[in-house]
Trainee: 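Have a look at the structure that comes next, please.
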Amino acid sequence: MLDINSCAILNNGVKMPWLGFGTYKIEYENASVDYIRKALEVGYRHIDTASVYGNEPIVGQALKESGIKRNEIFVTSKVWNNKHGYDKTLKAFEDTLERLNMDYLDLYLIHWPKKLNKETWKALERLYKDKRVRAIGVSNFKVHHLKEILEDCEIAPMVNQVEYHPQFQQTELKEFCTKNKIQLEAWGPLMQGKIFDMPLMHELATKYNKTIAQVALRWDLQTGVVTIPKSINENRIKENCDLYDFEISKEDMEKIKNLNTDIRIGHDPDTITF
Ligand code: NAD
């Protein structure tokens with residue numbers, strides 16, 4: 001884990017930068033493109049979007065304006081819940097590419113598990129085989145959802161993007177993913193702002209002379225989890241990628257482990273109503 005360009009290697013050999021830029025709630029308005037452009041300027045080469053975020057056009061615009069070559073950037077998007085099913089998913093993917101103004105994606109995910117997971121997964125396999133996307137995966141899948149896919153898929157998911165932070169460490173899911181070579185990716189790595197209330201994180205930030213956000217993000221990397229913090233503040237965008245000049249000790253990793261309460265801040269994938 002040397003710098004912002006360091007990559008996880010997915011089970012098909014594709015390289016995925018360990019650190020990415022989250023874009024949830026960065027919407028389609030004039031200033032939005034600046035945040036993504038800023039992230040690219042400071043060195044992020046991995047952008048996480050989704051059709052439901054409504055910002056794919058500005059992600060595409062920012063990438064184009066940055067002048068960075070398409071193959072130097074890792075772009076993820078996701079199929080939304082009302083587009084599950086084989087044909088609908090294939091169409092949703094084309095719409096996503098059109099909004100992004102791109103001819104392929106690096107990673108396409110099923111955003112949340114729903115009844116039609118298997119049909120939706122078949123569409124992702126089709127897109128992968130047709131080389132429209134370099135890697136395919138899921139998001140918010142629990143062990144039982146993964147088992148459902150794994151029992152008869154042709155291509156196993158490469159990534160599972162889930163809520164993951166010191167309070168919600170997903171121990172069983174993480175073990176299952178490791179065993180099945182599915183890369184875990186953290187959404188909400190800063191607990192959507194709530195991490196700043198944890199006394200131990202304050203203590204460790206002081207000890208390492210870093211910020212709480214940096215300690216939390218470094219913890220993701222040291223636990224082998226890809227992380228995609230989001231910020232629209234220029235200083236924080238920079239701060240969140242300045243993670244490579246310190247290492248959390250084994251003892252402190254243990255202390256953070258003990259913060260786990262298994263309490264989510266987001267929705268439980270088994271009971272979503274959207
Ligand atoms: P996050 O944990 O990244 O927290 C973001 C919030 O933390 C920001 O709005 C900001 O207020 C604050 N923040 C960021 N950097 C900070 C800093 N250095 N100091 C102080 N405050 C700071 O939460 P998130 O945006 O929900 O998650 C990250 C990304 O994960 C999203 O942007 C999105 O791309 C993805 N995501 C995916 C799903 C999913 O269902 N797959 C769900 C939520 C988010």
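Quick caveat: nothing in here was measured; it's all calculated off a predicted structure.
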Trainee: Kindly state each residue pair satisfying salt bridge (Lys or Arg N to Asp or Glu O under 4.0 Å) with at least one member in residues 174-189, sequence neighbours excluded.
Mentor: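 Qualifying pairs: none.
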Trainee: Side chain of Q170, backbone of E163: donor and acceptor closer than 3.5 Å?
Mentor: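 Yes, the answer is positive, given that a donor and an acceptor are paired below the 3.5 Å cut-off.
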Trainee: Can you find a side-chain donor-acceptor pair between K78 and Y53 that sits under 3.5 Å?
Mentor: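 Side-chain D/A pair, K78 to Y53: present.
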Trainee: Please report the closest heavy-atom contact between N117 and W112, naming both atoms and the distance.
Mentor: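 For N117 and W112, the tightest heavy-atom pair comes out as OD1-O, 4.4 Å.
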Trainee: In terms of side-chain heavy atoms, does T96 have a donor or acceptor partner in E56 at a distance below 3.5 Å?
Mentor: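 Looking only at side-chain atoms, E56 and T96 do form a donor-acceptor pair, the distance falling under 3.5 Å.
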Trainee: For residues 16-27, tabulate all N or O donor-acceptor pairs below 3.5 Å that involve a side-chain atom, not counting sequence neighbours.
Mentor:
| unit_1 | atom_1 | unit_2 | atom_2 | d |
| --- | --- | --- | --- | --- |
| W18 | NE1 | C7 | O | 3.2 |
| T23 | OG1 | D48 | O | 2.6 |
| T23 | OG1 | N55 | ND2 | 3.2 |

Trainee: Take I47 and I36 through the test side chain to side chain contact (heavy atoms under 4.5 Å, CB included) and record every step on the way to the result.
Mentor: CA-CA 8 Å; I47 308 286; I36 299 165; 4.1 Å; yes
Trainee: Report the distance from atom CZ of R99 to atom OG1 of T49, rounding to the nearest 0.5 Å.
Mentor: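 R99 atom CZ to T49 atom OG1 measures 9.0 Å (nearest 0.5 Å).
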Trainee: Find out whether R45 and N5 are in side-chain contact, i.e. whether some heavy atom of one side chain is under 4.5 Å from a heavy atom of the other.
Mentor: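 R45 vs N5: side chains touch.
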Trainee: Could you go through D95 and K83, starting from their C-alpha distance and side-chain angles, then the distance that decides it, and tell me whether this counts as salt bridge (Lys or Arg N to Asp or Glu O under 4.0 Å)?
Mentor: CA-CA 11 Å; D95 291 345; K83 305 289 180 190; 5.8 Å; no
Trainee: Side chain of N101, backbone of E98: donor and acceptor closer than 3.5 Å?
Mentor: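 No; judged by distance alone, with no hydrogens or angles, the pair does not exist.
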Trainee: I'd like to check the ring pair (Phe, Tyr, Trp, His ring centres under 6.0 Å) partners of Y244; sequence neighbours left out, ordered by chain and number.
Mentor: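 In terms of ring pair (Phe, Tyr, Trp, His ring centres under 6.0 Å), with neighbours along the sequence ignored, Y244 is linked to no residue.
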Trainee: Are the charged groups of E154 and K129 less than 4.0 angstrom apart, N to O?
Mentor: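 Yes, E154 and K129 are salt-bridged.
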Trainee: Holding to side chain to side chain donor-acceptor pair (under 3.5 Å), I want the full list of residues that pass it with D268, two or more places apart in sequence or in another chain.
Mentor: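 Side chain to side chain donor-acceptor pair (under 3.5 Å) check on D268 returns K142.
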Trainee: Step by step, work out the side chain to side chain contact (heavy atoms under 4.5 Å, CB included) result for L10 and V159.
Mentor: CA-CA 8 Å; L10 304 182; V159 172; 3.8 Å; yes
Trainee: N160 side chain to F141 main-chain N or O, any donor-acceptor pair under 3.5 Å?
Mentor: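 Yes, because the side chain of N160 sits within donor-acceptor range (under 3.5 Å) of the backbone of F141.
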Trainee: For the side chain of W121 and the backbone of I155, is there at least one donor-acceptor N/O pair under 3.5 Å apart?
Mentor: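 A pair under 3.5 Å: yes.
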Trainee: Quick check: does any side chain N or O of R218 sit under 3.5 Å from a backbone N or O of L221, one acting as donor and the other as acceptor?
Mentor: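 Such a contact is absent between R218 side chain and L221 backbone.
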Trainee: Run the side-chain contact (heavy atoms from CB on, under 4.5 Å) test against L2 and tell me which residues pass, sequence neighbours left out.
Mentor: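 side-chain contact (heavy atoms from CB on, under 4.5 Å) list for L2, sorted by chain: S6.
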Trainee: Which atom pair, heavy atoms only, marks the closest approach of L184 to C177?
Mentor: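 Smallest interatomic distance, heavy atoms only, reads CD1-SG, 3.9 Å.
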Trainee: Mind checking the CZ-CG spacing from R126 to D87? Nearest 0.5 Å is all I need.
Mentor: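 Going from the CZ atom of R126 to the CG atom of D87 covers 12.5 Å.
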Trainee: Closest heavy-atom contact between P113 and I272?
Mentor: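 Heavy atoms of P113 and I272 come nearest at O-CD1, 4.2 Å.
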Trainee: Could you pull out the closest heavy-atom pair between F246 and Q214, with the gap in Å?
Mentor: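 In this case the closest contact between F246 and Q214 is CZ-O, 3.6 Å.
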Trainee: List the atom pairs, with distances to 0.1 Å, where a side-chain N or O of residues 190-203 and a protein N or O form a donor-acceptor pair under 3.5 Å, not counting sequence neighbours.
Mentor:
| unit_1 | atom_1 | unit_2 | atom_2 | d |
| --- | --- | --- | --- | --- |
| H202 | NE2 | F196 | O | 3.0 |

Trainee: Under the 3.5 angstrom rule, does the side chain of Q169 hit a backbone N or O of P166 as a donor-acceptor pair?
Mentor: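 Checked: pair present.
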Trainee: Please identify each residue that fulfils salt bridge (Lys or Arg N to Asp or Glu O under 4.0 Å) with K147, with sequence neighbours left out.
Mentor: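 Scan of K147 (salt bridge (Lys or Arg N to Asp or Glu O under 4.0 Å), adjacent residues dropped) gives none.
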Trainee: Quick one: does any side-chain atom of R37 pair with a main-chain N or O of A62 as donor and acceptor, under 3.5 Å?
Mentor: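 Side chain of R37 to backbone of A62: no pair is present.
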Trainee: Between K210 and D242 (side chain of the first, backbone of the second, donor and acceptor by atom type, cut-off under 3.5 Å), is there such a pair?
Mentor: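 Yes, K210 side chain to D242 backbone: donor-acceptor pair under 3.5 Å.
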Trainee: For residues L109 and V138, report the shortest heavy-atom separation together with the two atoms involved.
Mentor: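 Heavy-atom minimum between the residues: CD2-N, 3.6 Å.
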Trainee: Closest heavy-atom contact between L105 and S77?
Mentor: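 Distance-wise, the nearest heavy atoms are CD1-CB, 3.9 Å.
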Trainee: Between T89 (side chain only) and Y86 (backbone N and O only), is there a donor and an acceptor less than 3.5 Å apart?
Mentor: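 Between the backbone of Y86 and the side chain of T89 there is no qualifying donor-acceptor contact (under 3.5 Å).
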Trainee: Quick one: side chain to side chain donor-acceptor pair (under 3.5 Å) partners of E254, sequence neighbours excluded?
Mentor: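 With neighbours one apart ignored, the set is empty.
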Trainee: Kindly state each residue pair satisfying ring-ring contact (aromatic ring centres under 6.0 Å, His included) with at least one member in residues 55-78, sequence neighbours excluded.
Mentor: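 Matches after skipping sequence neighbours: H46-F74.
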Trainee: Can you name the residues that form a side-chain contact (heavy atoms from CB on, under 4.5 Å) with N180, not counting sequence neighbours?
Mentor: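 Checked N180 against side-chain contact (heavy atoms from CB on, under 4.5 Å); matches are L150, F176, I182.
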Trainee: N140 vs H267, test: side chain to side chain donor-acceptor pair (under 3.5 Å). Steps then yes/no.
Mentor: CA-CA 9 Å; N140 298 302; H267 298 279; over 6 Å; no
Trainee: Who are the side chain to side chain donor-acceptor pair (under 3.5 Å) partners of E72, not counting sequence neighbours?
Mentor: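 E72 satisfies side chain to side chain donor-acceptor pair (under 3.5 Å) with no residue once adjacent residues are dropped.
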Trainee: Could you pull out all residues at least two apart from S32 that satisfy side chain to side chain donor-acceptor pair (under 3.5 Å)?
Mentor: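 S32 satisfies side chain to side chain donor-acceptor pair (under 3.5 Å) with no other residue.
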Trainee: Give a yes or no on whether the backbone of N235 and the side-chain of N233 come within a donor-acceptor separation of less than 3.5 Å.
Mentor: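 Present.
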Trainee: Could you give me the CA-CA distance, side-chain angles and deciding distance for Y44 and N240, then say whether side chain to side chain contact (heavy atoms under 4.5 Å, CB included) is met?
Mentor: CA-CA 10 Å; Y44 292 81; N240 292 351; 3.4 Å; yes
Trainee: Check whether any side-chain heavy atom of F168 sits under 4.5 Å from a side-chain heavy atom of I265, and report yes or no.
Mentor: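 Side-chain contact under 4.5 Å: no.
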Trainee: Could you give the distance from NZ (K250) to NZ (K255), rounded to the nearest 0.5 Å?
Mentor: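 Answer for the NZ-NZ pair, K250 versus K255, is 15.5 Å.
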